[in-house]
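Okay, so here's the structure we're looking at.
Residue numbers begin at 1 in each chain, while the letters A, B, ... track the order of the sequences. Just so you know, these numbers use all the heavy atoms, side chains as well, and skip hydrogens, waters and symmetry mates.
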2 protein chains.
Amino acid sequence: MAGADKRERLVAATEEIILRDGYAAVSSRRVAAAVGIQASLVHYYFPTLDELFVAVLRRRSGRAVERMSSILAGPEPMRAWWRAASDPRGSVLMTELIAAAHRRPALHDEVARIASELRRVQVGALESLLPQYGLDPAKFPPVFVATAIQGMAYAVVQDETSGFDTRPDEARAAIERFVDVLEAQRAGLTARAVAD
Amino acid sequence: MAGADKRERLVAATEEIILRDGYAAVSSRRVAAAVGIQASLVHYYFPTLDELFVAVLRRRSGRAVERMSSILAGPEPMRAWWRAASDPRGSVLMTELIAAAHRRPALHDEVARIASELRRVQVGALESLLPQYGLDPAKFPPVFVATAIQGMAYAVVQDETSGFDTRPDEARAAIERFVDVLEAQRAGLTARAVAD
DNA sequence: GTCTATATTGAGATAGAC
DNA sequence: GTCTATCTCAATATAGAC
């Protein structure tokens, strides 16, 4: 079988295990079983488990910075950002990878690099976007807004996927109504700016 | 040695291990070493590791609901809430326990119970508090506000403790300035209400 | 590339002496 | 309560045949 294909299947299987049972459930045996091969072959493709974890991260967030840039340059940046941030699979996976990075230096460095670049892109875009949304950057600086979006997405997804009875569906609905208001405000404000 | 004391020391040691290296680093051997006893004695006090994890949770959040109630009934509810939510130790510990609960049903049920009760108390208090802060519950319902506080605390603490270069210190400062504004608004509004 | 076999380490948990 | 000793299982990783 083609090596590239098997690599891909191993990474995909690992992602599924993480999503289903958490990062601590990942082992060469279990990944091998999911793909239908022997455990030692996992080590042929990924000599250490750390490299497998890093591959899972890269697969998910390889184009994360570019995607975030295009989201922020698109027609409804806030709505698109919220949608991307509150995607259950992506959010849960990142939470798990960050937790796993606790004891895996290679993974930690990679997560840190991506987190830093994403924040840089977000802050840069928000500097010009916030006034368009009618938000005063003196009151709500870019880092505040970025932290709020990311944090609320974490909280909602975690409660949803963990099955906590904290009314996360109501929270999600309220957040989306707020995004509606923001996008409507921006549409009004930018229309007026064009008219001037 | 007194049994209660040793139990307490085991739970405290487990908490330290979780905070330092994550929940996956907890093992009977490692906890025993931290306390200076044999691994088998850990199983004498906590027959299964699940019970040890639950004990860590109970120790931290045994009075969590009462504490949250008194925070919300205190003089500056938002400030106190933010301070409690953004405490690094508590936040990291809860994140790890929720992740560990992924594969530990007993722990999951206990976390879910506490999360649900906390949210109920928070929402109940916010119904009367939000107007005092000048926040329209139609725009920002209690579940929205509760999710925002908890989520932003998660995000800030995670970036701070993981050492991510996402400018979490600036985010924390901006959030605290916003809390200042909210508390000042409430002070003004409630003073006016008393004057009427 | 893929396998079998194995070295090594550590895990959770139990038995039984003291 | 606390220990030593041990069972059983699974982990990462490597060696070497094919």
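Between the side chains of Ser69(B) and Glu66(B), no donor N or O sits under 3.5 Å from an acceptor N or O.
Counting any heavy atom pair closer than 4.0 Å across all strands shown, Val42(B) reaches no nucleic acid atom. Residue Ser40(A) is in base contact, counting any heavy-atom pair closer than 4.0 Å across all strands shown. Nucleic acid contact class of Val31(A) (heavy atoms, under 4.0 Å, all strands): none.
Summarising the geometry, the separation between CD on Gln38(A) and P on dT6(C) is reported as 14 Å, rounded to the nearest angstrom. Rounded to a whole Å, the CZ atom of Arg104(B) is 13 Å from the P atom of dA11(C). For the pair Glu8(A) CD and dG1(C) C1', the computed distance is 18 Å after rounding to whole Å. One can place CG of Leu49(A) at 14 Å from C1' of dT14(D), the figure rounded to the nearest angstrom. When the C1' atom of dT2(C) is taken as reference, atom CG of Leu10(A) falls 12 Å away, rounded to whole Å. Summarising the geometry, the separation between CZ on Arg7(B) and C1' on dT2(D) is reported as 16 Å, rounded to the nearest angstrom. Counting to the nearest Å, the P atom of dA13(D) and the OH atom of Tyr45(A) are 18 Å from each other. In this structure, CZ of Arg29(A) is placed 13 Å from C1' of dT4(C), rounded to the nearest angstrom.
Summary of the strand contacts: Leu41(A) and Ala25(B) both lie near DNA chain C, and taking for each the nucleotide with the nearest heavy atom, the more 5' one is attributed to Leu41(A).
Side chain of Tyr133(B) to backbone of Met78(B): a donor-acceptor contact under 3.5 angstrom is found. Side-chain N or O atoms of Glu76(A) include none that pairs as donor or acceptor with a backbone N or O of Glu183(A) at under 3.5 Å.
For the pair Asp165(A) and Arg113(B), the salt-bridge criterion is not met [side-chain N within less than 4.0 Å of a carboxylate O].
Between Tyr44(A) and dA13(D) there is no side-chain N or O to OP1 or OP2 distance below 4.0 Å. Proximity of His43(A) to the phosphate of dT12(D): no side-chain N or O atom is located under 4.0 Å from OP1 or OP2.
Phe164(B) and His108(A) have tilted rings, their planes meeting at an angle from 30° to 60° on a 0 to 90° scale.
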